[in-house]
Structures are given as C-alpha cells and as structure tokens.
2 protein chains.
Amino acid sequence: MAKTTGTGQRPTIRMVAELAGVSTATVSYVLSGRRGDGGPGVSDPTADKVKSAAERLGYHPNQAARAIRTGRTNTVILSLTMLSDPWSLSVIEAVQRAAAPLGITPMILGDADWVKVLGIHNADAVFVDAVGAKERDAPRRLAATGTTLVVFDELLEPEGFDVIRSLAGPGCELAMEHLLNGHRRIGCLTAVPSSGIPVGPRYAAYARALEGAGIPVREDYVGGFDGTTAGAYAAATRLLSLADRPTAVYATTDFAAVSAINAAQRLGLAVGKDVDIIGVGNTVEGERMSPSLSSVGPVDFFDRLARLLLQRATGEGSDAGPGVLDFPWQLFVRESAPHRNAAARLY
Amino acid sequence: MAKTTGTGQRPTIRMVAELAGVSTATVSYVLSGRRGDGGPGVSDPTADKVKSAAERLGYHPNQAARAIRTGRTNTVILSLTMLSDPWSLSVIEAVQRAAAPLGITPMILGDADWVKVLGIHNADAVFVDAVGAKERDAPRRLAATGTTLVVFDELLEPEGFDVIRSLAGPGCELAMEHLLNGHRRIGCLTAVPSSGIPVGPRYAAYARALEGAGIPVREDYVGGFDGTTAGAYAAATRLLSLADRPTAVYATTDFAAVSAINAAQRLGLAVGKDVDIIGVGNTVEGERMSPSLSSVGPVDFFDRLARLLLQRATGEGSDAGPGVLDFPWQLFVRESAPHRNAAARLY
DNA sequence: CTGTTAGCGCTTTCAT
DNA sequence: ATGAAAGCGCTAACAG
C-alpha cells in the first residue's frame, strides 16, 4: 500500500509551493480565490501543478493562520444551554443548512461558560441562546471588543449586538386563551431556578391569563421542576395525580409538554380528551409525536435566525446595524389540546 | 457610565505592552506562564502593571495567533452524530468536566461531514463517534497529517489514532440472555439504514442469541426505524400492537428503549410486568426514568473516554502510542426488565 | 502572469 | 529581570 502521506506533520503552503515549483503566493492565489480584482490572473498549467501538488500532500490551508491574516475564521459558534432540548437541535439544524453552502462551519458550545470562551476564541459570529442574570453586560463588553453577537433574549437592548426576541409573552397568552376556552382547572409546568419561584415571561403569561379570567393561581397546580426531562415528568405526574387534578396543562416548553403527555398516558389518561396539554415553542418533535402536541411558537423562527446569523458572519447583506428582530407568534392546534366549545367543556 | 472599552477591535498584546510601558515579551511572559526554566524571572511591580493594563483593556490572548506559534489550540473537537441521543450528551458532559480544569474548551461538531472539517480546523484532539462506510480510511489519512484522533468504532484498527471499542457484541448478548430467561417472544427495535436491512453487532447479537435458543427470527418482530425518537416510538407501537405481541423487547439503543416504554404505556401495558423492555448503552436518562430502564453498558465508559481524549490533547501521561481501548460490559437490571425465574415466565 | 516582501498576534530564544 | 528580534502559516500589496 503506497504511503501517500508524510511525516505526521501537517503540510504547509511552503511544501506545496516547493513541490509545485512555484511561490507560496501563487499557491495561496490558486487555492483561495481570485487575485487582484479584474481579469483571470492565473495560467491553467500552473494552477494544475499547484492543485495536484496540494492533492498529493493532502494539503488544506491552516485556518488559524488564515484567520490571523484575514480576521475571518469561517466559523460560527452556537452557544447552547440545554443541548437536550429539541429547540437547540432545531437551531443547529437550521444553521448548518444555511452555513454549508457558504463554507462556514458551525461549532457548538455546550459549555454554559460562554463568556470566558468567547473572550478567547474567535468566530465570525456567535449565537447565544441565554444570558444569565450575572452576565447581562457581557454581550455589550464582547461586542465592544469586536465579537459579532446575536443573542436570544426578551429584555436585552441591542448595544452593538443583535437581539432576537420571540415575543413569548403575547404568544403564551394565545396558548392560555386556547385552554381557557374549555377549562378552568389549568396546571402549569415550568422550569424554576434554585430559588424555587417561577420566573420569566412564559410563566407570567400563565398567571396573568388566569387572573384575567378571574381564576386564582393554585400553588399545587404549579409544577416547578429542575429543567430536566425527568424532572418535568415527575412534576407532571404529581399534578395529574391530584384528587381534583387539572383538566389542562400549560407547559412553558415543548419538551416539558412531551414529558407531561408521557406522564398522563402512564396514568391512564387520554390526552386531548381527559386532559389537554399545550406546549410552548412549537418544535418538530412535538409536531411529530403521537398524539401531536398543540403548541404556540414563532413562525419560521429557526430559518430566519440562521439567516441573520450568517449574514452577520459574512458581512453580506448591506442591512442596517445591529437591532432587534421580533417574531410574531402563532397558535398551532393539534391533537393534545384540540378546539373546544361550550358543549365540550371539561368543567 | 464610563466607556471602559475601546474601538470595537480586540486589544492586542502590543496595546497592553504600550499601556504598561513594557515589551510584548514581558506581557506574554506574565500572562501565560514562566519564562526560561528555573527561577522566578519576573518582578512583582512589572507583573502588576501588566496585569492591570490587561484588565483595563479587557485583553485576552488571541487563540488563533497563539495556536500558530505553539501548535496547540486548547481545544478539543467532539464530532457527534445523533446529538439528540442521550449518549452524546453523556460524552459532552464527561469531556467538559475533564477539560475545564485544564483550560481546554470542547467544541461540538454536529455536522456529519467531519472529514472535511477536520482537514481544515485544528484541535489538540478530536473524538469521532461514528465512521461511515465511505470514510473508513479517513482516520488514517487525518492521523498521517497530524490530527490527533480518538475514534469510536468496533472494527477499525488503530493506525496512528486511538480506537475505542465497547465490545458491544458480548454486552448485548448479556441483555438477550437476561430476556431469554423468561421470554420466548422477543421483539427487537433497531435503527436501520435506508436499505432497510438491520446491521451492526447490536442487532447481530439479537439474531445470534435467538438462534442459540432455537427460536426463529420473526420478521414482524423486528422493528426497524429511521434513527429518530418518533420513528422508534412508531416502530414500538407497531410491535406491541400485534395480536401475539412480543412479551419482551430488546432495543439496540437506550433512547429507542425509552420510546418503547412510552409506547407501551400509551397502549396500556405495564412495563416490567406485561412486557419487559431492555436497552443498550446504560445511559443516565434510562436510569432515572420511571420505570427505570434495564440496560447493558460499559462500565465507567464516559469518564475513561474523556480521560483518554484529554490525555491525547495535552500530550501528558507518558503512555504508549495509539492503541485500542476496550470496555467490559455489564448488565444493569432495573424495573423495566426485572429478574425472572421459571415461575415468572411469560410463556 | 508570477515572485518578493511585509506583517497579522503571538511565543520564544538570545542578548542585554 | 527585561527587551529585541525571529518566525509560526498564511494573505495581500506591490514589483517585476
């Protein structure tokens, strides 16, 4: 078997140049694009020599070195907390689809400690899916030192970086309105911080909607959990095991709603009949499961997010500077919480 | 509010040097470690000047530039197909735990196209969780050009890279033996390629074990699916809806087993009683769910994998060269497929 | 059309 | 104890 490759070291542009009998500049030119501005600028014979030399050596330009010169890494970073959440997978999928044709590689950062990492590593653009309470000014600082950021946050104002807002509040109210049209005993599943008190606009919409309907918030109807699938499952089981269990459950994320559906079925309840369950986020997982999950979510969210991120990464799209991107929300009525009317009320 | 940061450009070591009134060499020295070999080599006053200058500028050394000099990126790449699989999450978690104290950042590559990416981007070490049929020689090529690789594969031989084997075959036989001790109608859930024919050692163990027990493989007992959670759920539903449904289900991955449990419960079957379900992989998700999932899996797998990867990344641990790392497997009997004896047979 | 050269930000001898 | 300077692999002016 021919030993086609070499020494255990990565081939450099210089080795290619030597093997092809040309200068490194020519190699760089041939491999990375046009020279100057106008005409062709390369002869076919030389180009071929270079290409075959590169091929033989298994040469690929060192991105770190290229980055240091051009300032571009051909990389975008996705900082994703909760990788197990289908929402994250949808982000990844959409960004990958959009990045591939541009020769840009999406790298995923599962680490919660994105602030430190982004201070050190460079990417053409970075998406951050959650800024914690202690890091509210980190995006501004990072943006000031040259990091191109797109953050997903309901409250942050754009200061040198883009903010994506999903308008979850109004969206979640859609979900609650849907349930209130047929239910009065409505439970809630929501991830809670260690303090134990529910927070965030998605939970707020629950409380506000109940209040608006003149229904007091029952503490035993609020199932706080730790953010894990197992936790959601346990919380749902507790809710649905109550003597006067809720006839509907509003979950602040789709994945919690999926856990609730599984828990309900385990308890022998017919979802969409004995109990209605609605989620938030409108993930494909929920859409595909059986019974399919009713949910609310932004329209065309992931693709537009991906488009913005890559536009920022490439610098293309002569759009205006950083700003806010809002997403209109919509109600997706499916099997787990069908339409109800007066005749089909569960109370 | 004081405008502490500057121009929208990342501060360089030169800016720090100027602000501190020292040379770039000194800055580099202060911030990255000892100079020379022996004695201290830095005076406290200068060190302080440098540190405070760096602080004020929000300076962090540019990793790309550092990489080009040192050849180290302080990065490991995890190439993970099937990010939704809890197995992948366990890998990520373990590697992050092990990498953090070393100042190494794990980057996740969700892209299936790892060969191309690894040819371009550098990392101190790379873990690859699956090599497809068309890429069998890619690891060797990459290793020859200087990439430090750890691949997870049952068959590949180490040629300049490490191979991790889980010895799934013998492990899966453990699972089947467990089920055969109480069942004769045993179904199988397994992801199948587009060809539609089940492959791989995990499925082979199923067929072999049945054969060994003198039980023919029934085609309608083999639930092939597309690798997604939803697909596994559908396949399990089909299996368990058969007139003479299997009394036990062997799933070639834990996540498929979890789907099977959900499907069984949806159908009103008591898991661990009416039907036994066992998985492969022994993930924490399975362990924590209710009923807890019986499974087989390697012992201490993720931590040892992480240890090896980071050892390769740092070059520490004066171990021998690349080789094969085998993992002994073990049966974990939990609620979804309890111990059975002659008296408790379901046939 | 091709080669020479400077320099990106950083580390690292080697002088001082 | 500190600084000057070379050079990592690459790209981009500018000559030729």
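Since the model is a prediction, treat every value here as computed from it, not as a measurement. The chains referred to below are lettered A, B, ... by the order of the sequence lines, with proteins before strands, and numbering in each begins at 1.
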List the atom pairs, donor and acceptor, that lie under 3.5 Å between side-chain atoms in residues 60-69 of chain A and the rest of the protein, sequence neighbours left out.
unit_1, atom_1, unit_2, atom_2, d
A/Asn62, OD1, A/Ala64, N, 2.8
A/Asn62, OD1, A/Ala65, N, 3.2

Less than 3.5 Å apart, which donor and acceptor atoms pair up between the side chains of residues 76-94 of chain A and the rest of the protein, not counting sequence neighbours?
unit_1, atom_1, unit_2, atom_2, d
A/Thr81, OG1, A/Asp129, OD1, 3.0
A/Thr81, OG1, A/Asp129, OD2, 3.3
A/Asp85, OD1, A/Trp87, N, 2.9
A/Ser88, OG, A/Met82, O, 2.9
A/Ser90, OG, A/Pro86, O, 3.2

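With rounding to whole Å, B/Leu31 atom CG is found 10 Å from C/dC10 atom P. Spacing between atom NE2 of B/His60 and atom C1' of C/dG9 amounts to 16 Å, rounded to whole angstrom units. Following rounding to the nearest Å, A/Asn122 (CG) and C/dG9 (P) show an atom-to-atom distance of 11 Å. When the P atom of C/dC1 is taken as reference, atom CG of A/Asp48 falls 14 Å away, rounded to whole Å. Distance, A/Arg66 CZ to C/dC10 P: 21 Å, rounded to whole Å. A/Gln63 places its CD atom 11 Å from the C1' atom of D/dC10, with the value rounded to the nearest Å. Summarising the geometry, the separation between CD on B/Glu18 and P on C/dG9 is reported as 12 Å, rounded to the nearest angstrom. Here the C1' atom of nucleotide D/dG3 and the CD1 atom of B/Ile13 are 13 Å apart, to the nearest Å.
A heavy atom closer than 4.0 Å to some atom of DNA chain D occurs in B/Ile68, B/Arg69, these being the qualifying members of residues 68-77 of chain B.
The side-chain hydrogen bond (donor to acceptor under 3.5 Å, both in side chains) test applied to B/Thr75 returns A/His121, not counting sequence neighbours. Evaluation of the side-chain hydrogen bond (donor to acceptor under 3.5 Å, both in side chains) rule for B/Thr70 yields no partner, not counting sequence neighbours. Residues that satisfy the side-chain contact (heavy atoms from CB on, under 4.5 Å) test with B/Glu154, not counting sequence neighbours, are B/Phe152, B/Arg165, B/Ser166, B/Ala168, B/Pro201.
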Applying side chain to side chain donor-acceptor pair (under 3.5 Å) to A/Thr73 and A/Asp124, what does each step give before you reach the verdict?
CA-CA 6 Å; A/Thr73 60; A/Asp124 296 343; 3.1 Å; yes
List the steps, then state whether salt bridge (Lys or Arg N to Asp or Glu O under 4.0 Å) holds for B/Arg307 with B/Asp303.
CA-CA 6 Å; B/Arg307 219 175 303 147; B/Asp303 284 336; 5.5 Å; no
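Between A/Asn62 and B/Pro45, the residue anchored nearer the 5' end of DNA chain D, judged by the nucleotide with its closest heavy atom, is B/Pro45. Each of A/Val27 and A/Arg14 lies near DNA chain D, and the nucleotide nearest A/Arg14 is the one positioned closer to the 5' end.
Base contact: B/Ser28 has a heavy atom under 4.0 Å from a base atom.
In this structure, B/Thr26 reaches the D/dG3 phosphate: one of its side-chain N or O atoms is under 4.0 Å from OP1 or OP2.
Comparing C/dG3, D/dA1, D/dC10 by their nearest atom to the side chain of A/Tyr59 picks out D/dC10.
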